[in-house]
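These notes are about the structure you will find just below.
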Number of protein chains: 2
Amino acid sequence: MQHKPIQILIVDDHPMVIEGLKTLLSDDDRVAVKCHFMNGTDTLSFLEKDTVDVILLDVNLPDINGVEMVPKILDIRANIGIIGLSTYSEPSIINQMIKNGVKGYLLKNATADELVNAISQVHQGNFYFGSEVQKILVDSVAQEGNELPKLTRREKHVLTLIADGKTTNNIAEELFISPLTVETHRRNLMQKLEVSNAASLIKVAVEKKLI
Amino acid sequence: MQHKPIQILIVDDHPMVIEGLKTLLSDDDRVAVKCHFMNGTDTLSFLEKDTVDVILLDVNLPDINGVEMVPKILDIRANIGIIGLSTYSEPSIINQMIKNGVKGYLLKNATADELVNAISQVHQGNFYFGSEVQKILVDSVAQEGNELPKLTRREKHVLTLIADGKTTNNIAEELFISPLTVETHRRNLMQKLEVSNAASLIKVAVEKKLI
DNA sequence: TTTTTTCTACTGGTTTTCCGGTATATTGGT
DNA sequence: ACCAATATACCGGAAAACCAGTAGAAAAAA
């Protein structure tokens with residue numbers, strides 16, 4: 001006996017991607033695209049009234065960030081499976097998405113097979129991640145412990161001022177504190193980020209997106 | 001009398017985008033998608049034997065960069081209209097593409113209307129750029145003159161070593177030159193990028209994508 | 001082949017950063 | 001009220017960076 005098709009909701013602001021997904025999924029009768037939305041708010045208000053089994057969620061929406069969408073969706077319908085979709089594989093975003101509760105993640109170069117696979121796996125309560133995405137997950141496990149150190153508010157502030165080319169004295173004047181204090185902050189920053197001068201301090205700060 | 005439909009070639013490595021484009025264009029009988037390829041080499045070898053009127057060309061291909069594809073295509077078939085396609089609007093890429101000879105550029109959030117419009121305009125020998133893309137073009141004209149200073153090969157090298165936290169002496173050893181020379185390079189770098197210390201040097205270098 | 005740019009190198013001096021510590025208010029959370 | 005984290009501040013000294021100016025080789029462009 002034939003199962004009832006898995007109801008799909010597509011959220012993506014690119015018409016061509018929406019149409020593409022619909023076409024790719026139309027050949028397979030295990031899935032059925034119920035509807036689509038091109039922004040976050042419409043999606044959420046739809047979910048208040050109606051539901052689906054699996055959501056294909058683009059991370060780059062015009063109104064609400066995809067990462068923020070996930071908990072909002074799960075808040076309304078806890079048992080919807082969410083599959084993240086994006087063009088490029090940015091480790092930080094993928095990690096965030098997974099933390100927030102997506103069950104799958106695909107890049108947009110996924111094939112129809114991968115798509116249907118992901119959907120049915122996620123619908124059964126399993127996880128499914130595309131091969132590139134898996135590679136990223138492995139990498140991020142490998143460098144576990146390399147978590148970015150937490151900087152205090154003051155340190156972040158001083159950091160940006162250093163990046164602006166201000167000297168210790170400049171910064172001290174600007175913050176109405178002693179230059180010696182500023183230096184202490186700078187030294188703590190360098191220690192936390194494991195560097196030995198301001199130049200590489202800025203480099204790793206940019207790399208770790210602290211600026 | 002009905003015109004012969006404009007023959008289209010799609011080049012994109014995302015199956016869902018290909019299908020989406022085909023679907024979006026299928027409603028309009030002024031255009032006809034002849035075929036598609038998912039990489040640059042296949043595209044070029046096709047063009048050796050056959051041709052089309054307009055190419056929809058993704059800038060992110062697995063093998064050949066989209067920017068480099070443009071002259072290669074025009075080299076084979078000078079009178080094909082090329083429309084660039086990308087997800088995000090990066091000014092430098094768009095400028096490069098235009099320099100290389102694309103007649104249109106769209107972001108992937110384009111609607112079916114925009115697509116068909118762009119295609120027919122380009123086919124008639126005109127230009128067509130999406131609204132976001134136009135904004136970028138205007139911006140890049142507005143800040144003309146703010147061109148990034150040209151760094152010499154040596155300067156770039158020194159710059160990266162500074163970013164790695166190396167001191168003047170370290171760099172001198174590594175390059176087998178006098179520390180005084182390295183310092184001269186550093187000073188020239190700071191002058192060219194209009195900063196007064198290594199920290200902000202790195203910051204602007206990153207901003208201007210020199211690292 | 002000239003001319004220009006780039007790479008190299010120096011003198012001499014000032015400023016700033018960096019390092020090893022130490023230490024006390026202040027604030028935030030439980 | 002208490003403890004941890006944060007922000008504050010200091011000393012003394014070494015190291016490195018920064019500034020202003022000059023200038024000769026080498027390489028690239030005209």
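Numbered from 1 within each chain, the chains take letters A, B, ... in sequence-line order. No experiment lies behind these values; they were computed from the predicted model shown.
Taking only side-chain atoms of A/Arg154, from C-beta outward, the nucleotide of D/dC19, C/dC10, D/dA7 with the closest atom is D/dA7. Comparing D/dC18, D/dA9, C/dC18 against the side chain of A/Arg186 picks out C/dC18 as the nearest. For B/Thr168, whose side chain is taken as the heavy atoms from C-beta onward, the closest listed nucleotide among C/dT6, C/dT16, D/dA17 is D/dA17. The side chain of A/Ser196 lies closest to C/dC19, out of C/dC19, D/dA7, C/dA9. The side chain of B/Glu183 has D/dC18 as its nearest neighbour among D/dA17, C/dC19, D/dC18.
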Please lay out, stage by stage, how A/Asp53 and A/Lys4 fare under the test salt bridge (Lys or Arg N to Asp or Glu O under 4.0 Å). CA-CA 11 Å; A/Asp53 298 313; A/Lys4 214 176 114 185; over 6 Å; no
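Evaluation of atom-type donor-acceptor distances gives a pair under 3.5 Å for the side chain of B/Arg187 against the base of D/dA20. In terms of polar N and O atoms assigned as donor or acceptor, the side chain of B/Glu155 never comes within less than 3.5 Å of the base of C/dC7 in a complementary pairing. Between the side chain of B/Gln191 and the base of D/dC19 there is no donor-acceptor pair of N/O atoms closer than 3.5 Å.
A donor-acceptor distance shorter than 3.5 angstrom exists from the side chain of A/Lys192 to the backbone of A/Lys150, with no hydrogens or angles considered.
Phosphate proximity of D/dA7 to A/His185: absent, as no side-chain N or O sits under 4.0 Å from OP1 or OP2. Within the structure, every side-chain polar atom (N or O) of B/Arg153 is placed at least 4.0 Å from both OP1 and OP2 of C/dT6.
Using a 4.0 Å heavy-atom cutoff across all strands shown, A/Thr184 reaches at least one base atom of the nucleic acid. At a threshold of 4.0 angstrom between heavy atoms, the contacts of A/Leu180 include nucleobase atoms, whether or not backbone atoms are also involved. Using a 4.0 Å heavy-atom criterion, one finds that B/Thr181 contacts the bases of the nucleic acid, with or without backbone contacts as well.
Both A/Lys166 and B/Phe176 lie close to DNA chain C; mapped to their nearest nucleotides by heavy-atom distance, the more 5′-ward contact belongs to B/Phe176.
For the pair A/Leu189 CG and C/dC18 C1', the computed distance is 14 Å after rounding to whole Å.
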